[in-house]
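These notes concern the structure reproduced below.
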Amino acid sequence: MYEERISETASSTVVRTAELDLLRSLTQEPGSEGRLVAVLGEPGSGKTHLLSALVRERQWTALPATVHRCSSGDRERAIDAVRKALWRARRAGEREEPARPVIGLARRRSRPDRELVVIEDAHLADDETIGELAAIAGGDPVPLADVVVSLRPRQTPDLLAEAIAATTAFGRTARIELAPLDDERMLAMSPVPAPYELRHRSGGNPFNLRALQALERSARSGGDGALAPFEFAVMSEVRDLTLTERYALHAAAILRSRFDADLLAEVAALDPLVASAALRRLVRRDLVRVEPVGTLFSIRDEVFGSLLRQMIDPCWAALAHQRALHRLSARGQAGTQIGFHLVSSLSRARAGELTQIVDASQEIMETDVSECVSWLTPVLAEAPPSTEIGARARLALSTAFGRLGRMPESRDLLFLVDESDAPVDPAVFAEHVAFVSVVEGVLSQDVQMLDLLGHLLDRPGLRDSPVWPRLVLARSFRVSMLGRAVDSAEADSALRAARAAGDDLVAAGLLGLRALASVAAGDVERALADADAAAESLDRTPEHLVARHVECLLLAGLAYIYLGRNADAQRQVRRGVDVARRRQRPFLLPTLLVMLSEAERHLGRLRQARDAADAAIVESGPGNPLRHAQAVALKSAAEVWMQPVASGRAKSLAQQALARQALTGTHVNGSASIAALTLAKCAWLDGDPTHCVTLLLNEGRGPDLRVIPSGTRPTMWETLCAAGLDAGMPLDEWARRAQEHARAVPMPHNLAYAAMTGGHLLRSRSAPGEAARRYREAAELFATAGMPIEQSYALGQAARALAEQGRADQAAHTVRLAAEIARRSEAVTLLHWLDRQTGRRPASRPAPQPSSRQEVFGRLEVFGRLTHREREIALLICSGMKRRDIADRLTISTRTVDVHLTRIYRKTGVSSRMELALAIQRKAAGQEYAIGF
C-alpha cells in the first residue's frame, strides 16, 4: 500500500534488478502450466514498484496481464476481477481440448504465452481467496496462468504461508523475499543523495528513506507539502480502525518502543482491558509489533511512528506525553527513556527539565545521533548561549553535528559559545574543539578550527590539564593531513603526558603520528616500532572506548600502509570501519574506506579493493569531493589488472577522478597521482608506451616526481622504466632515482621497485640474464611485503627476459607460476599480459581449455546471468542426470529442459556437457571467478 500511495514520487528506475530478472524468468518459461510466485517484503520495501515494472514490460510486448489489489475494505470480493481472468483462460483451454475434464484452474492449454495474474496485498484477501491460492500453491488445481502475489510476512494467513513454505522446497511454488536495499541501490533509487544517517535509519527500506527525506525537508522549511503523500499512505492504512484502536495506536506512536500494555492504557486514557484487546488487534494488523524478549511492544517502525505523530491532534499528544512522562518517572526510568517526552512537552518545561534533556541527549548520542540532534535543537530556543545550560546544549549539539559530518553548523555553534563568555569549563570546551577539528581534518575540509585550536594550546592553564595531549593530537593530526611536518618535540611531550595520565588511546594516536613522521624521515625501524606499539594499545582497548577516538585507528592504519605492512593496515582499518558504522561515526567512513581499498589492492584482493572504493564513493557523496575523487581513483587502480581486456573501465574511471580532482584545485590526497598512474598503465598495456611516459612526467612535473606523494613515486619510476624500455628511451635517471629512494626509505616494497627498475635498465643494456635475476629478486621482495599482483608482474617480466635469452622452458614455467598467482586475485588483464610475455598465444593451448584466459573468465562471468531454473538444470545435467530424469524431478517437460539447455550453452559460451561440468568444478574449487550458483 505504501508503494501505491507514493508512486508519483518514486523513480522509474528498478534497483531490484536481480529480483526482476527472476520474476521475468519464472513468468516467461515455456510450458503449458503456470505456478504461484510469492513476493514477500516489509511494508514499503518496493513490492508494488517491482511488480509494476514486470507488468509494464509484459504490456509493452503485448503479453496478457491482469492486476488486482486487495484491501481490508473489500475482503468479500477481493479476487472477483482476478477470478474472471482465470475463468477466461480456463474457457480458452476448454475450447482447445474439449475432451479433458476441467477442475478449477487445472486445465492445460497449448498457448505459448501464459497469462499473468498479479494480486497485490494478497494477505488482505478473503478466506475463500486464501484457500484457492493455497490450493494453487500445491498444484491442485494446476493454474492456467502464472499467479504472482505480494505479501507482508507478518500478516500472511497461516494457511497460505504453510502452503508456500511446503511447496517451495519442491519447486512447485517460487518464493522471492525482498531484503533491505544496500547503500548503492538506496542511492540509485533516491532522487536526492541521502546522507549516511538517513540510510542507516531507513533500514534499507525505500519508503522509509523517502519519508525521512521528506520529514527532514519539512523540519527545515516549516512546510508540510513534502510529507503529504507519505501521510496519505499512513492514513490509508489506518482508516478503518475503530476509535479505541486509533487511540491505542496513537499512544503506541507516542511511546514508540518497549512499552507494556498497562503503560499504553494509561497514556491512551483507556481501560486496561479495552486497551489490551485493541493492542492485540493492532499486532494482528502489524501496526504494533511484539518485542523479541518479554511482553513488551513497539510501534511497527520509527518512520511509521514519526508520520503518525504528525497527524495526531497536538493537544491530545501534549497530554499523552505528560501522562507518559509522569508514569515513566514514577517507574524510575533513565533520562534516555523520558528525554523524548520532555522535548515533546517543552512548552510546559519546568526548571531543571532543560538540564535533564541535555543530560539525556548526551547519553543517547552514542546510540542515536539523529535523535540527539532532535532533542537538543528545541533547547536552543529556550536557553541563550550566555547561560550555562545554553552553552552545554550548544557544545553537545556541535559534537552531534560533527559526528554527522555537518561541519558548518558544528563550527558555528563552537564559535558562538567561544564568543558568548558563557561559564564553561575551559577543558570541556577544549575537548569539543579538539573533536570538531579532527572531524574537519578527516573530511579534508577547510582549516577554520586550526586557529581556535592553536589559541587553546597557547593558554597556560590548559598545559597541565588532561585535555592537553588531546589538543596536541588534534593539531598534529590536522597538520599531518595537510601534508606538513609535525612538531615532533610537542608531540613527544604530549605522548609522555598521555602515558602519565593513563590515556592509552591518545597515546596510540600520537604514536601513529610519530610513525608517519619517521617514515618520511627514512627511519623505518622506529616507524615500525611506533606503529606496532600503537596497534598493540588499540587491540587491547574495547570498542566503546575506541569509538571516542576512531581517528587513532586511522593513524595506525595509515602508518602501516606507508610502511608496506598492508595486512596489519587492513586489520586496523577494517576495525575502524566496523566501529564507525556501529557507533555512528559516518564522517570517518569515506577516509577509512579509501584506506581499506588501498590496503586490499596491495594485498592482491582486487575485487574487495573495488568494493571498498565503491563504498567510499557512496559514503563521500557530494559533501566530500576530495575523498570522492580519491575513491574513484582507487577504483580505477583496482580495475587496471582485473578489468576485462580492452574494456576501458579503468581508463574511464581515472579520467573521472582527474576531472573531479581538478574541481577541488588541490592534490593533497594524491588521487590525481593515482588516476594519472592508472591512465599511464592503461596506455602502456594498450601498446602506447610513449604516451604512458608523457602522462607520468607531466603529472610529476619532471623525472624527480617532486609533486607526487612519496609513497607513489617508486611505482611511477618503475612504470616509467617499463614503458621507456618498450619505447627505446634512456632509463638511467628514473632507475637511479628509484634506487636512491629505496636506500633512503629501505622498506621491502621500495627495494622491490628499485630492483624492478634495475632489471629494466639491464634489459635495455642487452643483459637479459642479469635482468631476470633482478626481476626474481623483486618478486621475492614483493612476496615478503604481501603484494601478490606485483609479485606476479615481476615474474612476468622475468619470463620475458628469459625468453629473450632463449630459455623457453624456464620462461614458460615462470609464466605458469605468475599466472597462478594472478588467477587467485582474479587479475584478468594481468593474465592476458602474461600470455604475451613468452610469445605464446592463447590460441595455442590444447583442448579442452578455452582459447584464452580472457574467454575463460568471460564465460565464467556470464554464469551469473543464468536464471535460477537455468542454474538448477545446469547443476543437474553436470551431475550426470538424463534430460528425462531432470524433467521428472522438476515436473517440467523434456522440451522445456532442452530449451533451458540451449539458453545455458548460448549464455555461457560452452558447447558441451563436459565443458559445462569443468566450469562448474572450477567454481566449486574456488579457482576461478564465482559463477553464482
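Just so it is clear, the model here is predicted, and its values are computed rather than measured.
- Ring geometry for Phe435 versus Phe587: interplanar angle over 60°, hence perpendicular rather than tilted (30 to 60°).
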Show your reasoning for whether salt bridge (charged side-chain N to carboxylate O under 4.0 Å, His left out) applies to Arg737 and Glu740. CA-CA 5 Å; Arg737 292 184 182 278; Glu740 288 175 352; 5.3 Å; no
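- Paired with Glu600 under the rule side-chain hydrogen bond (donor to acceptor under 3.5 Å, both in side chains), one option of Gln608, Gln570, Arg610 passes, and it is Gln570.
- Looking at residues two or more places apart in sequence or on another chain, you find a side-chain hydrogen bond (donor to acceptor under 3.5 Å, both in side chains) between Arg565 and Asp532, Asp568.
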Checking side chain to side chain donor-acceptor pair (under 3.5 Å) for the pair Arg627/Gln630: CA distance, chi angles, key distance, verdict? CA-CA 5 Å; Arg627 290 287 174 257; Gln630 194 174 20; 2.8 Å; yes
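- Remark: Thr541 OG1 to Glu536 CD distance equals 10.5 Å, nearest 0.5 Å.
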Apply side chain to side chain donor-acceptor pair (under 3.5 Å) to the pair Arg514 and Ser488, showing each step before the final yes or no. CA-CA 7 Å; Arg514 197 165 74 176; Ser488 58; over 6 Å; no
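- Side-chain contact, His749 with Glu790: no donor N or O sits under 3.5 Å from an acceptor N or O.
- Scored by the ring-ring contact (aromatic ring centres under 6.0 Å, His included) test, Tyr753 finds Phe782 as partners (sequence neighbours excluded).
- Glu780 and Tyr775 share no donor-acceptor pair across their side chains, judged by distance under 3.5 Å alone.
- Here the CZ-CG distance, from Arg571 to Asp539, works out to 4.5 Å after rounding to the nearest 0.5 Å.
- Taking 4.5 Å as the limit, every side-chain heavy atom of Ser636 sits out of range of all side-chain heavy atoms of Arg649.
- Around atom OH of Tyr562, no more than 12 heavy atoms belonging to other residues, nucleotides or ligands sit under 6.0 Å away.
- Counted within 6.0 Å of CZ on Arg484, heavy atoms from surrounding residues, nucleotides or ligands total 12 or fewer; the atom is thus considered open.
- Relative ring orientation between Tyr793 and Trp684 is described as perpendicular, the plane-to-plane angle rising above 60° on a 0-90° scale split at 30° and 60°.
- Counted by atom type alone, Arg475 and Ser437 present zero donor-acceptor pairs between their side chains at under 3.5 Å.
- A salt bridge links Arg582 with Glu543; the closest basic N to acidic carboxylate O contact falls under 4.0 Å.
- Residues Thr715 and Lys681 form a side-chain contact, since some pair of their non-hydrogen atoms from C-beta on lies under 4.5 Å apart.
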